[in-house]
Amino acid sequence: APSTGCLHTSLQREYEQRTGRPLRPRRYTDADPDYHAFLGFVAARVTETFRQWKSRVQAAHPETLFVISSRNAVHGLLYLV
C-alpha cells in the first residue's frame with residue numbers, strides 16, 4: 001500500500017467532510033480499514049466522474065466505448081462505465 005497517493009488532495013478533504021473521519025498522515029497498510037474505506041470512496045468518485053464524461057461524450061459520439069483499467073487488486077481489474 002502506498003504511503004501517499006490521493007492523500008492531501010481535494011478527494012481527501014471531501015472524504016473527511018462526508019464521513020467525519022479524518023485521515024491522519026501515517027503509513028497505511030492493506031490491513032488498515034481506514035485505508036480501504038478511503039480507496040472505496042476514491043474509486044466511487046472516479047467512477048462517477050467517468051460516467052459523467054461518458055454521458056457527455058456519447059451524446060455527441062454514441063459509438064464511443066469507455067474502458068477504464070486498474071492494477072489495484074482491491075477494486076478489480078476492469079471497469080466498463
Side-chain angles (χ1 to χ4, degrees):
S3 59
T4 57
C6 294
L7 296 176
H8 311 294
T9 66
S10 60
L11 284 172
Q12 179 183 354
R13 288 187 296 278
E14 184 179 347
Y15 172 83
E16 290 173 346
Q17 288 175 336
R18 287 188 181 195
T19 65
R21 298 173 66 184
L23 289 172
R24 306 260 182 249
R26 64 179 188 228
R27 182 159 179 80
Y28 290 92
T29 67
D30 287 336
D32 189 327
D34 288 333
Y35 177 71
H36 284 278
F38 181 62
L39 285 182
F41 173 80
V42 170
R45 293 292 285 126
V46 168
T47 300
E48 178 182 320
T49 299
F50 275 104
R51 284 188 175 138
Q52 290 173 4
W53 290 349
K54 175 189 168 189
S55 173
R56 292 179 185 151
V57 169
Q58 286 187 332
H61 307 280
E63 71 285 356
T64 303
L65 174 67
F66 277 59
V67 178
I68 297 96
S69 65
S70 171
R71 293 178 188 233
N72 186 331
V74 173
H75 297 292
L77 299 175
L78 179 68
Y79 300 90
L80 295 177
V81 293

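Position 1 is the first residue of the sequence; numbering continues from there.
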Criterion side-chain contact (heavy atoms from CB on, under 4.5 Å) on Val42 and Phe38, from CA distance to verdict: CA-CA 6 Å; Val42 170; Phe38 181 62; 3.6 Å; yes

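In this view, Thr19 and Tyr15, Arg21 satisfy the side chain to side chain contact (heavy atoms under 4.5 Å, CB included) rule, not counting sequence neighbours. For Arg18, the side chain to side chain contact (heavy atoms under 4.5 Å, CB included) partners at least two apart in sequence or on another chain are Glu14, Phe41, Arg45.
Within the model, atoms CD of Gln12 and CD of Gln17 stand 11.0 Å from one another, a figure rounded to the nearest 0.5 Å.
At least one side-chain heavy atom of Tyr35 sits under 4.5 Å from a side-chain heavy atom of Leu39.
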